[in-house]
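Quick note on labels: first sequence line is chain A, next is B, and so on, each numbered from 1. Note that the structure is predicted; figures quoted are calculated from it, not measured.
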Amino acid sequence: MRFGYYPGCSLHATAREFSESLLTLVKALDVQLDEVEDWACCGASSAHATNHLLGVALPARTLAIAEGQGLDNIVAPCAACYGRLAGAAHEIEGDAALKGQVAEILKRPLGTPPEIINVVGFLQSLLPEIQPRVVKPLDGLKVACYYGCLLLRPHKVTRFDDREQPESMEQVCAAVGATPVAWNKRIECCGAGFSLSRTGSVIRMGREILDDARAAGAEAVVVGCPMCHSNLDMRQPAMNRGQAGAGALPVLYITELVGLAMGLDPKAMGLQRHYVSTQPLLDRLSTAVAVAEGEVS
Amino acid sequence: MFEPRIVAFVCNWCTYTGADLAGTSRLPMATNVRIVRLPCTGRIDPLFIVKAFERGADGVIVSGCHPGDCHYSEGNYHARRRFRLFKELMDFTGIDSDRVTFSWVSASQGQKWADVVNGTTERIRALGPFEGYPGSEEVA
Amino acid sequence: MSHSEHGPPLTREIRARTGIDPARCYQCGKCTAGCPMADEMPTRIQQIMRKIQQGREELLEDPSIWLCLSCEQCSSRCPQQVEPARLVDALRELAMERAPGTAPRRIGAFHTAFLEQIKLNGRLYEFGLVLGYKLRSGALLDDVESAPGMMARGKLALVPTRIDGLDDVRRIFEACERRDSSSEEEAK
Amino acid sequence: MARIGVFVCHCGENIARTVDCAAVAGSVADHPSVVCSVDYKYMCSDPGQNLVKDAITEHGLDGVVVAACSPHMHLKTFRRAASNAGLNAYLVEMANIREQCAWIHPRTPETTVKATDLVRAMVEKVKQNVPLEPIRIPVTPTALVIGGGIAGIQAALDIAEAGRDVIIVEKEPSLGGHMSQLSETFPTLDCSQCILTPRMVDAYQHPRIKLYTYSEVEKLEGYIGNFEVTIRKKGRSVDIDTCTGCGACMEVCPSKKALDEFDMGLRTRTAVYTPFPQAVPNKPVIDREHCLHYKAEARAIARGKPVKAVCQKCAKACAADAISFDGGDELIKEKVGAVVVATGFQLYSVAKDQPEPYLEGYGEYGYGADPDIVDGLQFERLASASGPTGGKILCPSNGQAPKTIVFIQCTGSRDPAKGIEYCSGVCCMYTAKHAMLYQHSVHGGRAVVFYMDIRATGKGYDAFTRRAAEESGAEYVRGRVSAIYRADGKLVVKGVDTLGGEPMTVQADMVVLATAIRPQPGIKELAQKLSISYDQHGFLNEAHPKLRPVETNTAGIFLAGCSQAPRDIPDSVAMASATAAKVLALFSRSEMEREPQVAKVDQATCSGCFHCERACAYGAVEHLEVKDRRGNVLRVVAQINPGVCQGCGTCAANCPSKSIELDGFTDAQVFASIQALSL
């Protein structure tokens, strides 16, 4: 199977483990990703917040190149890139004048844009390939699936399964043996856009999310967005500070979780790069697997 | 100045009543339009329009209730569908479809009716007299 | 008469830029009720909507418009589909054109540094972003605990990646910025 | 050769000021077939009408054209005058030279030319008019009332009290509708069942009312005065005549898991059940979905195995021997002359999954996922003395009285994003009532009402909502709620106080959603059976929003209560009485008269394509079999039922073989009119 692929800036840097886990995973699944040639940044989140046309034109360049490459779809694992690419596609499809204007700026023809696929939809579509390869079912690991904003909204662009009570992340996690918990803050914003510029607000929002996940009994938070990840992972010590009983809560990319269930090498997937150590979690899972194997034999 | 002759086919319940209102409101209108009253735009056979041109009209107005307001609940939808086809037919036969105005005028839209009458008259005046179908003389 | 002809100049401008009619807002406040930044914004999102309806120009200098995270929860739940987040984007765009420098220092610095990175490299160079941001915002000593960690984890590249089609990107910026100044002239 | 008379009216100066009336009369006098052409100052006055009458006699006229004002103004006047003079009314037409000529044009020769044109066109038309007689239709003076809620009961009682027969069809096992579920009613707080039950009994015992409960309308055929309805009487398994209503069957029924519809799922019931103690008739039915015998029967049939008797404890317990497992549904035909649709409402169930693609539900409010988030009708049951808590307001989750309760108005109403943009009309009032009932029940409790606007326009309504806020102490907060979730045992309600301009979070024990009013499920299918139209939400369309609010565009079918739009009890009752007045007016004569200008099919040329049938909004086109002498069907052609045809003429314009003509507006008449214009 082949898909178009747009890694985006974060996956080359702060979200390296997202990239590493995704690439390890697709290799194991025998799925080929064709990277969009010479892609540029999608502009999130400053471009559209300050200049609407710029917020459309930057991702439109990527769409035009992908189209020229003959790609029917593009997997955009980063939720922010996904939102910008899908948003730009939606806008130029709905506004012929804008489409003309953008094509003129780009000096490239714009036809029908490729379908933009987020990481959750990507994994969902691969579940028939993934499930037979699950060798280390996650032993009911309690996970809090965290959607955040960019995967879900705006609904008219993302058409995610449900804007208020989505289920697709839970479906993917449950399919590999984890137990998704019911919790309240799944679709709240973590504030990552202000991570640098208004850190205090971000600490407050992140703390509310982590507290709620813990209250629901989660052993890990699962995300599909590098901004959410860097926020909840890197800033977690500050979020937990002064909170009685706030133990470290690992934050996993959904690709990492699926990879673990498939028995892929944690190091190859970059699990050592996390700020909140994933080691206790890995230990718990390997013990569980050992016990399970013992029972069988 | 060329004074075009225009036949208007209007429904009894909306446009005819709207035209009455325009009269009651004494809204000045061009004298070029002759109204033929029908129960509903649904009753209007495209042949009526053809007949009007054949008789020497330079333009035709068809007007009825707004969509959803038809006195007979859906006659105007049937009419609209039929006239879409009819317009294509006109282009095919060579009658400039600009010579036919389709509009919705409700019983409360006296002013709109006056605008339709005056606007259509101006437009047909600019188009000039209807000279018959191209090639009709040879056929005759 | 079309809708774009109604209302004070600011209202008309927002309507023209977004295609959304602010008059649709009936002030139910569901946006504010679900806004994660509501407690920190001096002017709450529902009040911003009201001020757009009234055409209150001082909105362009209101720091509240820079406190929106674009999380779109308001747009998602707005019963009237007014899309407050989209309108705030348009306010920020206008503010950048007409009242540059009114964004709170740190937030403005972030956006400027971010876009500068894209203009320079075509992609985001996060180390450059952090550096640029800190120089502009004066927040030099924040995050000293995390940045070294990022390097150690291989999460900050020290050298930027530059794309081949940098000309494309620069042209996009020029075209978009040109449109800014031309619409500014129209406004005058 | 036709003999036409033309009468040109000056309308005082109204016409004569701009039109040269004498010149019009003069030039038309030369038109072929015109035998008399005169002008007069006031044609509609008595002397003017006499002028017409006298001319009819004197000249032996067989057609009259009055050139005056709009036919909407005086066509009836002149038709009556002609009729008095012995000329068929439908041989009179009017040329409108006032509204279409005198009042909108200056005094120029062209104006007079146009007036003459309009008269000539009418002369040509009237030459081809044919005498018509009003259509007389016999009327069956029995009314069908669909729905046995308060609106249906009221309509039925009003009609029956006037001495006409009524058939009520109610789909539930009992009369009463939603009103029987209510605790107390605004704005007087009287007990709903106390005022409703006597009406239910009156309807049940009325000698002129025939009641079909647990029944639905299967089909409606015919037309005004002459409908035939087919009623599906669902298999009840309990013989209503022999059953004594003792309740022994319910005591022994082992299937106790069905959610109780009457108590809005707040408790369960047995498979054999009466919906509530005051049910009318107070006889149980067996719910076949939950009865052990019927479940076993369905399984056996699905597997192709023989059906065996299972359980049947109820039948053994029945001393009257009234229970039988043999009967199925029964179809019954009845003849009726008029129909009242009073099918009522359902609440917009705002859980995530929705039956209609355009509805979205309120995932953010958690309804359906948390037992302490209830809707308005569930709260009514909690507050009702006959309800699952005996009238004590208690949280369904733990049976504790809620110390803090939040009411959310406009849940689903006025929310185009979720699919419903209209105001449901009653929620402001019932929420105020709920807040009061809560304060009466839970002393010292806190009630918070989130509202957008207070719409309390009925008599005594505003004072009622003020009482809720001022005397009962409910906190009224203007703003919508964004989300509700449970944390630390409490329901966290994230709202806003828009007047204070601040977000407002309430920790509550119970939340009551004042969800929107929607028409009954199945309303669209019913509307299709009745050939009446409905709006995008399924509410049935009235014939005119102001002047014909209880009629439909299908003659003989009337609307009451929430089938047409959200209504409260007083409005529903008033509408019901209005429909009764309409029905009784129709039944006041044994025959009714209809305008005779209807469509007719030339069966010799009709090809039987039935384009006309698809074009007809009224279902007036019937299939007629043309047979030879031996009774073999030669072909099937269209036939228009004149009782149903409304005379729009859409069928005529759609007929590919030109086999349909509309009286008064035939192709020949329109062509002749066009030909007569000086184009």
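For an aromatic pair to be called close, the ring centres must be under 6.0 Å apart, and D/Y438 with D/H434 fails this. For D/F186 and D/Y461, the distance between ring centers is under 6.0 angstrom.
Under the ring pair (Phe, Tyr, Trp, His ring centres under 6.0 Å) criterion, no residue pair touches residues 32-60 of chain C, with sequence neighbours excluded.
No side-chain donor-acceptor contact under 3.5 Å links D/H178 and D/Q346.
For the pair D/L182 and D/Y430, the minimum side-chain heavy-atom distance is 4.5 Å or more.
Of the atoms belonging to C/C31, not a single heavy atom falls under 4.5 Å from chain D.
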Once you leave out hydrogens and angles, what donor-acceptor pairs under 3.5 Å do chain D and chain C share?
residue, atom, partner, partner atom, Å
D/E364, OE2, C/K30, NZ, 2.9
D/R414, O, C/Y26, OH, 2.4
D/A417, N, C/P79, O, 3.0
D/R478, NH1, C/Q27, O, 2.5
D/R478, NH2, C/Y26, O, 3.3
D/R478, NH2, C/Q27, O, 3.1
D/R480, N, C/C28, O, 2.8
D/R480, NH2, C/Y26, OH, 3.0
D/S482, O, C/R77, NH1, 3.4
D/S482, OG, C/R77, NH1, 2.7
D/G501, O, C/R44, NH1, 3.0

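Residue D/D509 is tested with D/R446, D/R486, D/K403, D/K490 for a salt bridge (charged side-chain N to carboxylate O under 4.0 Å, His left out); the sole match is D/K490.
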